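Data first, discussion second: the structure below is written as structure tokens.
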Amino acid sequence: MINIVLFGKPGAGKGTQADFLKGKYNLTHISTGDVFRYNIKNETELGKQAKAFMDAGDLVPDSLTIKMLQDEVEKHTGTAGFLFDGFPRTVHQAEALDAFLISKGWEVTATIALEADDEVLVQRLLERGKTSGRPDDQDEALIRNRYQEYNHKTAPLADFYKNQKKFYEVDGIGSIQEVTERLSLVIDSLN
Ligand code: ADP
């Protein structure tokens, strides 16, 4: 079992890289943002509860998010490993993930951060907003709010995983393939 947390600011390329890595390493990709968007589109109870937070560029409350993540993991317990994308985003979520994985006899193998400069990322998101249809990508104020949420609630996770000696950093600037290669070097070194 190999469980990777892909870590990085909004727009850092977690989803793009996850699409390559899941095939290469035979991992189950769980993107909390995608699961929320799916639930909003299908107007489920979870979707209704998450929508206002997401539209404002705020994090969805931990209680909702943790429950959802656990349900997704439970659907794939036969997997060779998970690629967590967009989770955890708070220290509380990280603690819950550790406890949940331990209850299954598993653990986070490594957390890999995709590093990139804020201004580059804001521009990327505004570009993505032209085609993604995501309301949170189309307004610079909402994007900036997501960075505030990140700096305030998510950035402290780097220390959480550094303390566990599980934190790796990769330069997220370059071609998609170059970044995939950098990530692969880290993953290959884990075995
Ligand atoms: P990005 O990383 O580009 O911001 P995501 O698709 O990962 O995009 O997330 C979009 C939104 O979904 C977040 O701004 C937040 O509202 C919600 N969300 C996703 N994952 C989490 C999480 N782990 N905890 C709380 N909210 C989350």
Side-chain angles (χ1 to χ4, degrees), residues 3-19 21-22 29-42 44-73 82-101 108 111-158 160-161 170 172-173 176 179 183:
N3 296 308
I4 307 283
V5 173
L6 269 186
F7 188 75
K9 293 171 185 161
K14 300 184 294 290
T16 304
Q17 293 300 329
D19 277 342
L21 296 175
K22 69 180 178 195
H29 174 207
I30 299 182
S31 157
T32 43
D34 285 350
V35 178
F36 280 134
R37 281 185 286 277
Y38 175 86
N39 278 276
I40 289 174
K41 194 165 149 232
N42 291 286
T44 67
E45 193 48 42
L46 175 67
K48 283 179 200 157
Q49 290 175 335
K51 187 172 186 323
F53 297 101
M54 287 181 70
D55 284 352
D58 292 337
L59 290 186
V60 177
D62 282 342
S63 53
L64 276 183
T65 308
I66 290 167
K67 168 82 172 60
M68 179 195 87
L69 189 277
Q70 292 178 347
D71 289 347
E72 288 300 311
V73 169
F82 289 96
L83 192 53
F84 296 107
D85 160 10
F87 187 97
R89 263 175 150 108
T90 66
V91 172
H92 183 194
Q93 290 179 13
E95 288 167 350
L97 180 63
D98 275 358
F100 180 60
L101 292 180
V108 170
T111 294
I112 314 178
L114 281 172
E115 297 294 338
D117 181 70
D118 283 16
E119 293 311 313
V120 175
L121 295 181
V122 171
Q123 291 314 316
R124 267 196 203 171
L125 288 184
L126 286 168
E127 264 317 298
R128 181 171 86 181
K130 291 179 188 165
T131 53
S132 70
R134 284 178 51 173
D136 60 344
D137 280 350
Q138 286 169 18
D139 177 331
E140 188 161 344
L142 289 180
I143 292 176
R144 301 246 172 230
N145 184 51
R146 280 152 67 199
Y147 282 89
Q148 281 214 353
E149 286 281 84
Y150 178 90
N151 288 329
H152 185 60
K153 297 179 182 167
T154 309
L157 278 180
F160 179 92
Y161 286 114
V170 156
I173 302 294
I176 290 174
V179 177
L183 288 164

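The shown structure was predicted, so the numbers you read here are calculated from the model rather than taken from an experiment. Note that ligands are numbered from 1 as they come in the structure, with each ligand's atoms numbered from 1 the same way. Atoms considered below: every heavy atom in the structure, side chains included; atoms not considered: hydrogens, waters and symmetry mates.
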Polar proximity ligand 1 side, Asp136 side, N/O cut 3.5 Å exclusive: no

Within 6.0 Å of CD1 in Ile176, more than 12 heavy atoms from elsewhere: no

Close-contact set for ligand 1 against Lys14 heavy atoms, below 4.0 Å: 2 (O)

4.0 Å heavy-atom contact, Lys9 with ligand 1: no

Distance filter under 4.0 Å to Thr32 heavy atoms, resulting ligand 1 atoms: 19 (C), 20 (N), 21 (C), 23 (N)

Listed partners of Ala96 passing side chain to side chain contact (heavy atoms under 4.5 Å, CB included), at least two apart: Ile66

Protein heavy-atom partner closest to atom 26 (N) of ligand 1 - residue, atom, separation in Å: Val60 N, 2.9 Å

Polar contact flag for Pro88 and ligand 1 (N/O pairs, less than 3.5 Å): no

Shortest protein heavy-atom distance from atom 12 (O) of ligand 1, along with the residue and atom involved: Met54 CE, 3.3 Å

Within reach of ligand 1, part of Glu149 (heavy-atom separation under 4.0 Å): neither

Within-cut-off N or O pair, Arg146 and ligand 1, under 3.5 Å: yes

Nearest-0.5 Å distance that lies between atom OH in Tyr38 and atom CG in Asp34: 12.0 Å

Nitrogen or oxygen atoms of Arg134 and ligand 1 under 3.5 Å apart: yes

Close side-chain approach of Glu149 to Arg89, heavy-atom, < 4.5 Å: no

Reported CE-to-CG distance for the pair Met54 and Leu59, which is rounded to 0.5 angstrom: 10.5 Å

Min heavy-atom dist Lys153 to ligand 1 below 4.0 Å: no

Ligand 1 contact on Arg128 by region, counting heavy-atom pairs under 4.0 Å: side chain

From Leu83 atom CG to Leu21 atom CG, the distance as rounded to the nearest 0.5 Å: 6.0 Å

Gap between atom NZ of Lys22 and atom CG of Asp85 - 0.5 Å precision: 10.0 Å

Approximate separation, where rounding is to 0.5 Å, of Arg37 CZ and Thr32 OG1: 8.5 Å

Ligand 1 to Arg89 polar contact by distance, N or O atoms, under 3.5 Å: yes

Whether Phe82 and Phe84 hold their rings parallel, tilted or perpendicular, with breakpoints at 30° and 60°: parallel

Per-atom contacts of ligand 1 with Arg37, taking only distances under 4.0 Å to non-hydrogen atoms: 6 (O), 10 (C)

Top protein contact for atom 24 (N) of ligand 1, by heavy-atom distance: Gln93 NE2, 2.9 Å

side-chain contact (heavy atoms from CB on, under 4.5 Å) assessment of Tyr147 paired with Val122: CA-CA 9 Å; Tyr147 282 89; Val122 171; 3.9 Å; yes

Partner set under salt bridge (Lys or Arg N to Asp or Glu O under 4.0 Å) for Asp136, not counting sequence neighbours: Arg134, Arg146

Ligand 1 N/O within reach of Phe36 N/O, cut-off under 3.5 Å: no

Residue selection (non-hydrogen contact nearest atom 16 (O) of ligand 1) among Asp55, Leu121, Leu59, Asp58: Asp58

Any Gly11 heavy atom less than 4.0 Å from ligand 1: yes

Atom indices of ligand 1 within 4.0 angstrom of Thr65 heavy atoms, with elements: 22 (C), 23 (N), 24 (N), 25 (C)

Side-chain donor/acceptor of Glu115 to backbone N/O of Val170, under 3.5 Å: no

